[in-house]
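Data first, discussion second: the structure below is written as structure tokens.
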Amino acid sequence: NGNSILIRGTNTEVENCQGYISDKVILRSIGKNKNLFEMDKCKIYPPLYFRFTDNGRIFLYSGSMSAEHTVYFVESSTGEIISQSVHYWTDDGYHFYDVSADGNTSLIEKIENEKRMTYLLDTKSNNELGSIEGRVVIVYDKNSFVVSGYNPNQQWGFWKDGESKCLYDGIALSPEIKSSANREVFAVMKSDFRLQVWKVSTCEMIGEFRFDK
């Protein structure tokens, strides 16, 4: 809503982290010019991940120095912690890692028979909505999403109602993908200094930007 900003910084010089990363995040009110929420944790892996959701909250996924990781939902306008839950990595790689932009769909990842699988769960009821091979990177609703290159085709694909609607060749190794606020387009950052913009409804690349090194 434009009223707050999330600031993240990492530091390897913090003494009590014993040489590992201190990952700090601050939610700051722009208008009131004050911090609403702060968190600073030592961690090995994974790095902190966050997403602003459509209902005015922030999803925070924070790792630690162990198999433990914590999932927070924070009110973006006040910094109030709406919920906080602790989860643990397991030997089979089963872990919670993301939530959809509307906050209604949780994503769980699991390694099965050397395949990376994503399970989509209803956030409130925890009921399973479906599963797909690969890692989901953008959820549009409970039935349509973009999945990354951890599938047999090594491609990014837009999936709808359990079937592949289109495949985006050549961007499977992208380090970054972001959706517009209305999720009608997404941008993919290439490792060779190009940014591609794709339109979801037509499955076509509608623009490309090139940057100097």
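Since this is a predicted model, take the numbers as computed values, not measurements.
- Arg28 places a side-chain N or O within donor-acceptor distance of the main-chain N or O of Asn33, the cut-off being under 3.5 Å.
- For Arg194 and Glu208, the salt-bridge test passes: some basic side-chain N is under 4.0 Å from an acidic carboxylate O.
- Counting only heavy atoms from C-beta outward, the side chains of Asn104 and Asn55 never approach each other to under 4.5 Å.
- With sequence neighbours left out, the side chain to side chain donor-acceptor pair (under 3.5 Å) criterion links Ser4 to no other residue.
- Residues Thr78 and Leu36 fail the side-chain proximity criterion, which asks for heavy atoms closer than 4.5 Å.
- Side-chain heavy atoms closer than 4.5 Å link hydrophobic residues (I, L, V, M, F, W, Y) into clusters, and following such links, even through other members, never connects Leu6 to Ile26.
- Between Trp198 and Phe186, the two ring planes are parallel [angle under 30°; tilted spans 30° to 60°].
- Counting heavy atoms from C-beta outward, Ile58 and Thr53 have side chains that stay 4.5 Å or more apart.
- With respect to Gln84, the side chain to side chain contact (heavy atoms under 4.5 Å, CB included) criterion is satisfied by exactly one of Val74, Leu60, Thr70: Thr70.
- In this structure the side chain of Glu38 never reaches within 4.5 angstrom of the side chain of Asp40, judged on heavy atoms.
- Classified by interplanar angle (parallel below 30°, tilted 30° to 60°, perpendicular above 60°), the ring pair Phe52/Phe50 is perpendicular.
- Take Ser76 and apply the side chain to side chain donor-acceptor pair (under 3.5 Å) test, not counting sequence neighbours, and it matches no residue.
- The shortest side-chain heavy-atom distance between Glu75 and Phe37 does not fall under the 4.5 Å cut-off.
- In this structure, Ile30 is not a member of the same hydrophobic cluster as Leu27, with clusters built from ILVMFWY side-chain heavy atoms closer than 4.5 Å.
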